[in-house]
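Naming convention: chains lettered A, B, ... in sequence-line order (proteins, then strands); numbering from 1 in each chain. The structure displayed is predicted, hence computed values, not measured ones. Computed from heavy atoms alone, side chains included, the values below leave out hydrogens, waters and symmetry copies.
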There are 2 protein chains.
Amino acid sequence: MRVIDLEGLEQQLKAHSYKLTRQRRAVLRVLATTDGRLDAARICEDARAECPEIGLTTVYRTLDILADIGALRRLHLPDGCHSYAPASPGHRHHLICVGCGRAVEFEGCDLTALVDSVASKTGFEVEGHWLQLMGRCPECQSKRK
Amino acid sequence: MRVIDLEGLEQQLKAHSYKLTRQRRAVLRVLATTDGRLDAARICEDARAECPEIGLTTVYRTLDILADIGALRRLHLPDGCHSYAPASPGHRHHLICVGCGRAVEFEGCDLTALVDSVASKTGFEVEGHWLQLMGRCPECQSKRK
DNA sequence: CCCCTAATTGAACATGGTTTTCATTTAGTA
DNA sequence: TACTAAATGAAAACCATGTTCAATTAGGGG
């Protein structure tokens, strides 16, 4: 199980002058300690272990905040949108397991050559890109036999 | 206005033994002749010029079929999912205008180095990737002044 | 340390896009 | 032309997400 920096997340919230409520703490803990697929409903369910009265509404609100301040990235999966994965600062992308939904960050994509060539061919101003790798994590590979 | 191969699309449907109905023809024509944003509601609206009785249900069903047989690709935009763009056979990606939603295909991404490096670092079997460029098309650039 | 106030919350309801249901129509074949 | 499975449209169901609003609470000022 991957553990990311729970305190760091709390600091980020405070830095943006958001209050640290029990509900938000619970959501952060789920994000910091899970490695599977994270949609709002699942996060809510897990968060109830620590904070039983939390509602879906609050989960959505918290996810929005975290995405705004860059602590979280929305993933778009083939079957739909809006799973979430914790995001480090900087330019990163995610590698997503098609078996279990686990998301791993990576960096070091270099698309400048591609972007330049496409921009000059089309006349577009390219403002950004969006890249995800899809694959199968080691656990799901062995489960498969 | 980009015009793609309408007859080709019809052939593809027949090749998969789908019937060529008036409704499907209308949807195909919209796909073949538009270059703007294509969500289901807009497609339905446009298709009514040729087939006034077509319903949204049928549009969704037709889009599903076309995505299944690879004639269409679902695009995921920042504000939501599920716009569609006609897809040529082969390995292509789309460059999408954040202003008007127009989508342009391109090819020639070469990610093998990246994929290999990420795969060996993470132990994942990488099965595929998904890349979209976001930018602003020439028209939307001039509109902006 | 406690009060105060603005921020936060949850329940219920609203919304919007997509899917399902089912009786009716139709494309393509015999 | 007749037949049959596929396709259709209207309506209803669905599901994820957003909004409203009265009640609660975090955290700074006193």
Between atom OH in B/Y18 and atom P in D/dA5, what is the gap in whole Å?
18 Å

Does any part of the side chain of B/L72, heavy atoms only, come nearer than 4.5 Å to the side chain of B/I65, both counted from C-beta?
no

Between C/dA11 atom P and A/I54 atom CD1, what is the distance in whole Å?
11 Å

What is the separation between atom CD on B/E45 and atom C1' on C/dG17, rounded to the nearest whole Å?
16 Å

How long is the line joining NE2 of B/H16 and C1' of C/dG28, in whole Å?
18 Å

Distance check needed: D/dT8 P versus B/L63 CG, whole Å only.
12 Å

Does any donor atom in the side chain of B/Y84 or B/R74 lie under 3.5 Å from an acceptor atom in the other side chain?
yes

Measure CZ/A/R74 against P/D/dA16 and give the value in whole Å, please.
16 Å

Pair A/R136 + B/E127, salt bridge at N-O below 4.0 Å:
yes

Geometric class of the A/H93/A/H129 ring pair [parallel <30°, tilted 30-60°, perpendicular >60°]:
tilted

Pick the nucleotide of DNA chain C nearest each of B/K14 and A/G55; which residue has the one closer to the 5' end?
A/G55

Tabulate atom names and distances for all N/O pairs under 3.5 angstrom spanning the protein and nucleotides 19-27 of chain C.
residue	atom	partner	partner atom	Å
C/dA27	N3	B/K19	NZ	3.2

Name all residues meeting the side chain to side chain contact (heavy atoms under 4.5 Å, CB included) criterion together with B/L114; count only those two or more places apart in sequence or in a different chain, and write none if there are none.
A/F106, A/C109, A/L131, B/L111, B/V118

If you measure from CE on B/M134 to CD on A/E125, what distance do you get to the nearest 0.5 Å?
15.0 Å

Just how far, in rounded Å, is P of D/dG18 from CD1 of A/I65?
13 Å

In this structure, how many angstroms lie between the P atom of D/dA6 and the CG atom of B/L13, rounded?
15 Å

